[in-house]
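Within every chain, numbering begins at 1; the chains are lettered A, B, ... in the order of the sequence lines, protein sequences first and strands thereafter. Hydrogens, waters and symmetry mates are skipped; everything else that's a heavy atom, side chains included, is used. Because the structure is predicted, anything quoted here is derived from the model rather than measured.
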There are 2 protein chains.
Amino acid sequence: MSGGNTDLKNADLVIPKIPATAWAVLGILSFGRELTGYDIKNWSDAILHFFYWSPATSQIYTELHRLEELGLATSRTIARDDVREKTVYAITENGVTALQNWQADVNAEAPVLKHGVLLRVWLGHLAEPDRLREQILDHRFRLMEELDAAKDSSA
Amino acid sequence: MSGGNTDLKNADLVIPKIPATAWAVLGILSFGRELTGYDIKNWSDAILHFFYWSPATSQIYTELHRLEELGLATSRTIARDDVREKTVYAITENGVTALQNWQADVNAEAPVLKHGVLLRVWLGHLAEPDRLREQILDHRFRLMEELDAAKDSSA
DNA sequence: TCCTTCATGTAATAGGTTACATGATTTC
DNA sequence: GAAATCATGTAACCTATTACATGAAGGA
């Protein structure tokens, strides 16, 4: 603790303090493709949402602006068709470094689960058993659908 | 759809539009005990947090005020010791009805998981394998601790 | 012709955290 | 004598959602 003068082993100093959502968006960019905000929303819905929820579209644009301001991402405007344009974002070198440092940080926030169905099950003492069973089956059915959709999208 | 004039089968009309957190707090109250805001925070940390995250203390007091304003909960002041007082909350009949209606509602919000560790694993291409393994073991260790604590509290 | 996809954002509002403040009592 | 527990909130701030707005292209 009271060692030398360059005791800066800890990476905290080069990890900008931005919300986890920003890291998630930067993470999507870290796979190397140039993407529009719209693309990122679709990736979030399809993938991220399984382990880290999908932010609203407007939130994604907000995070992209933030990342660009911090120099963690860059944008450029390219043609969409003869008439219109679109803005694609890419991760920068600084972005990769920052993301790596964040990735390596042990102090990961405690996982948070917000499960409306489980919450309802926990309140099962207020429900008729048949109704509760129905709710769970309903949930199961929706999960299966989601699973199929996920399988399709990775095929 | 174009049936009779009292076509109010749907329970939506008697389910006040309050955030899920409010339902969770009311849910804790639905187990029948009179509790202080402080008590509820402890219950949240110990139980709720496994399937529905634990709100900040100040948030819990906010929700209690909201519930009382809507008549879903009542409060009364009782003695804490010779000098001080405390406010305990209880669910009302209206509260039970509302909670039952909410419980029975099929349109449960999609479950949301915010898992910082999984997010980091997903970004594994940025990490050294050993480091990543270490992170997962670390997470596992913390989970075990939590499990033990949970076992103790239910013993 | 109408709906869906692609694409980007603003404005209003709600939901939620952090920091701060206070203070008696009980336990170590 | 110090630290943890019990107990309740306010104020400042940030995070995030919803509603709204716009508009071309392409498929049904």
Subject >> Spatial distance of atom CD (A/Q59) from atom OG1 (A/T57) [nearest 0.5 Å] >> reply: 10.5 Å

Subject >> Any side-chain donor near an acceptor of the partner, B/S75 and B/E68, under 3.5 Å >> reply: yes

**OP:** Applying side chain to side chain contact (heavy atoms under 4.5 Å, CB included), run through A/L72 and A/L99 and close with a yes or a no.
**Re:** CA-CA 9 Å; A/L72 307 179; A/L99 189 58; over 6 Å; no

Original post:
Relative to the 5' end of DNA chain D, which residue comes earlier, B/T87 or A/P19, by the nucleotide with the nearest heavy atom?
Top reply: B/T87

Subject >> Whole-Å distance separating the NZ atom of B/K114 from the P atom of D/dT15 >> reply: 11 Å

**OP:** Determine whether more than 12 heavy atoms belonging to other residues, nucleotides or ligands lie under 6.0 Å from atom CD of B/E109.
**Re:** yes

**OP:** Figure out the OH/P separation between A/Y38 and D/dG23, and round it to whole Å.
**Re:** 18 Å

**OP:** Using the ring of B/W102 (Phe, Tyr or Trp, six-membered ring only), decide whether A/R120 places NZ or CZ under 6.0 Å from its centre and within 45 degrees of its axis.
**Re:** yes

**OP:** Please determine which of B/I28, B/I60, B/T36 meets the side-chain contact (heavy atoms from CB on, under 4.5 Å) test together with B/K41.
**Re:** B/I60

Original post:
Do any of residues 27-35 of chain B sit with a heavy atom less than 4.0 Å from DNA chain D, and if so which?
Top reply: none

Original post:
Say you draw a straight line from CG of A/N42 to CG of A/L48; how long is it, rounded to the nearest 0.5 Å?
Top reply: 12.5 Å

**OP:** Please tell me which of B/N42 and B/Y89 maps to the more 5' nucleotide of DNA chain D, matching each residue to the nucleotide holding its nearest heavy atom.
**Re:** B/N42

Original post:
How many Å lie between CD on B/E109 and P on D/dA16, as a whole number?
Top reply: 18 Å

Original post:
Nearest to the side chain of B/K86 - C/dA7, C/dG15, D/dT8?
Top reply: D/dT8

Original post:
Over how many whole Å does the gap from A/I40 atom CD1 to C/dC6 atom C1' extend?
Top reply: 14 Å

Original post:
Of all of residues 51-65 of chain B, which get a heavy atom below 4.0 angstrom from DNA chain C, listed by number?
Top reply: B/W53, B/P55, B/A56, B/S58, B/Q59

Subject >> Atom-pair distance (NZ on B/K17; C1' on C/dG15), nearest Å >> reply: 11 Å

Original post:
Any chance CH2 of B/W43 has more than 12 other-residue heavy atoms, nucleotides or ligands included, within less than 6.0 Å?
Top reply: no

Original post:
Quick check: are there more than 12 heavy atoms from other residues, nucleotides or ligands sitting under 6.0 Å from CZ of B/R142?
Top reply: yes

**OP:** Could you tell me whether B/E145 atom CD has more than 12 heavy atoms of other residues or ligands within 6.0 Å of it?
**Re:** yes

Subject >> Gap between atoms CD and P, on B/E85 and D/dG9 respectively (whole Å) >> reply: 12 Å

Original post:
In terms of the angle between their ring planes, are A/W122 and B/F31 parallel, tilted or perpendicular, with boundaries placed at 30° and 60°?
Top reply: tilted

**OP:** Tell me which residues in residues 67-84 of chain B put a heavy atom below 4.0 Å from DNA chain D, sorted by number, or none.
**Re:** B/R80

